[in-house]
Amino acid sequence: MADDSQIRIGLLSCANIVRKVSRAINLAPNATVSAIASISNSIEEMKSFAASNNFPPTAKIHGSYESLLEDPDVDAVYFPIPASLHVEWAVRAAQKGKHILLDKPVALNVYEFDQIVEACEANGIQFMDGTQWIHNPRTAKIKEFLTDPVSFGQLKTVQSCFSFAANENFLKNDIRVKPGLDGLGALGDAGWYTIQASLLANSFRLPKTVTGLPGHVLNDAGIVLSCGALLDWEEGVTATIYCSFLANVTMEITAIGRKGTLRVNDFVIPFQETEASFTTSTLACLSEHKTMNEIPQEACMVIEFARLVGEIKNRGAKPDGFWLSFSRKTQVIVDAVKESLDNNLERVLVSGR
């Protein structure tokens, strides 16, 4: 049985990512799996899934999303469901007082996401998107270097890429290539990480303009399989992003400042679960930096999410609005890249969105 200090998390779906996140919840001392619901699995299948993933014996099995959202023993909900369903079910969860851990992309467009934002703000809900790398202890060290005026100086440019060569089955059947499900393809999936890396390097400021780059690839349904874009802050600062389902596995950030350079070779998923590294170079030297952590980055995410929910639940704190803002800015840039790609690579003004 969960103790009173643990945040009780309900899971919507038996998708493969739920195995990873449920393990992370089990590793988090301040969280527990309290329920699961699926619209595509039977009760018996969910029971088997719960047993094979070491759910607590007290975890409830719900036959519908509605039932889980009505469960008084659920404090928060993890949503690994298609982006096309996010606005409906995240808004309903917020209205039921459930805190929200939402997979990326958070919506199909910022108009939809703003409905989630409004529901969260109206109901005092803690929101966080399920991007795990930002919670890795290494990321805090990266941010520390990028904001160091002596070692790094003013940012000049950042390049980030996330790609993997998907197999034929993925390219035909995965929800990320289906217009009625996720709909944003590689841009909303792999691109989400590259955009967040660009925002991190630029102190989470939105660029002034976004321009799609030549060479993007669409499938027969018009879904992005591969693309790149230029982000311009019009202060001598730029970023380029590349995301693809059609290229070798690459997860890199290169940030170049006036006085130093930072390179990361595995920023999305570290090559080793409990060790992560990056390199920095200045005029004087090249240095490798390593961070060690006892738990994987997805467990770090759960711990932070549960901590914030616990502050609200137990101490009457207000939600941390940074996470809504960060996700919204990412979605704004996703929308701008898509708009540029859809309009012959026209430059798209981002300011004021």
Side-chain angles (χ1 to χ4, degrees), residues 1-13 17-37 50 53-60 62 65 67-80 86 89-104 106 116-137 139-140 143 204 274 293-328:
M1 181 176 293
D3 64 51
D4 292 339
S5 66
Q6 289 182 308
I7 297 305
R8 303 163 298 177
I9 300 177
L11 309 170
L12 294 191
S13 163
I17 185 63
V18 178
R19 298 182 186 276
K20 185 176 185 179
V21 173
S22 63
R23 173 178 176 252
I25 296 171
N26 289 338
L27 289 170
N30 58 346
T32 187
V33 176
S34 62
I36 188 169
N53 288 281
N54 299 312
F55 285 16
T58 53
K60 299 179 185 178
H62 290 276
Y65 294 168
S67 177
L68 186 145
L69 295 184
E70 293 287 350
D71 190 335
D73 295 322
V74 171
D75 299 310
V77 180
Y78 171 57
F79 292 81
H86 284 183
W89 289 104
V91 167
R92 291 174 72 166
Q95 292 170 342
K96 294 294 183 180
K98 310 301 185 186
H99 302 279
I100 295 170
L101 182 60
L102 189 65
D103 253 3
K104 49 77 195 146
V106 292
I116 298 173
V117 172
E118 182 179 355
C120 288
E121 291 179 344
N123 292 281
I125 298 303
Q126 180 62 55
F127 174 92
M128 184 179 285
D129 82 43
T131 313
Q132 298 158 14
W133 77 277
I134 201 74
H135 301 277
N136 192 301
T139 305
K143 184 180 177 183
F204 306 104
T274 56
N293 50 296
E294 296 180 355
I295 55 175
Q297 61 185 15
E298 57 269 22
C300 296
M301 174 187 72
V302 170
I303 289 171
E304 178 61 9
F305 176 67
R307 183 190 71 79
L308 293 171
V309 173
E311 289 292 315
I312 297 168
K313 178 182 177 181
N314 301 319
R315 296 180 175 81
K318 292 184 178 180
D320 183 347
F322 167 79
W323 299 105
L324 272 174
S325 174
F326 189 29
S327 295
R328 188 182 189 279

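Keep in mind that the numbers below use all heavy atoms, side chains included, and drop hydrogens, waters and symmetry copies.
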Partners meeting salt bridge (Lys or Arg N to Asp or Glu O under 4.0 Å) with Glu311 (sequence neighbours left out): Arg315
By ring pair (Phe, Tyr, Trp, His ring centres under 6.0 Å), which residues pair with Tyr65, not counting sequence neighbours? Trp89
List the residues meeting salt bridge (Lys or Arg N to Asp or Glu O under 4.0 Å) with Glu70, not counting sequence neighbours, and say none if there are none. Lys96
In residues 122-131, what donor-acceptor pairs under 3.5 Å come from side-chain atoms, sequence neighbours left out?
from, atom 1, to, atom 2, distance (Å)
Asn123, ND2, Ala119, O, 2.8
Gln126, OE1, Asp320, N, 2.7
Gln126, NE2, Asp320, O, 3.3
Asp129, OD1, Thr131, N, 2.9
Asp129, OD1, Thr131, OG1, 2.5
Asp129, OD2, Trp192, NE1, 3.4
Asp129, OD2, Gln196, NE2, 3.3
Asp129, OD2, Ser327, OG, 2.7
Thr131, OG1, Trp192, NE1, 3.3

Please name the residue in the list Val74, Thr58, Thr32 that meets the side chain to side chain contact (heavy atoms under 4.5 Å, CB included) test with Arg8. Thr32
Test log, rule side chain to side chain contact (heavy atoms under 4.5 Å, CB included), inputs Leu68 and Val77: CA-CA 9 Å; Leu68 186 145; Val77 180; 3.8 Å; yes
Side-chain contact test, heavy atoms from C-beta onward, threshold under 4.5 Å: evaluate it for Leu11 versus Ile25 and give yes or no. yes
Which pairs, with at least one residue in residues 297-322 and sequence neighbours excluded, count as a ring pair (Phe, Tyr, Trp, His ring centres under 6.0 Å)? Phe204-Phe322, Phe322-Phe326
What residue pairs, at least two apart or across chains, pass salt bridge (charged side-chain N to carboxylate O under 4.0 Å, His left out) with a residue in residues 301-310? Glu304-Arg307
Work out which heavy atom in Ile303 is nearest to a heavy atom in Ala28; give both atom names and the distance. CG1-CB, 3.6 Å
Closest non-hydrogen atom pair, Ser34 against Gly10: OG-N, 4.0 Å
Is the closest side-chain heavy-atom distance between Val33 and Pro56 below 4.5 Å? yes
Apply side chain to side chain contact (heavy atoms under 4.5 Å, CB included) to the pair Leu27 and Arg23, showing each step before the final yes or no. CA-CA 6 Å; Leu27 289 170; Arg23 173 178 176 252; 4.1 Å; yes
Can you name the one residue among His99, Gln6, Lys313 that meets side chain to side chain donor-acceptor pair (under 3.5 Å) with Asp75? Lys313
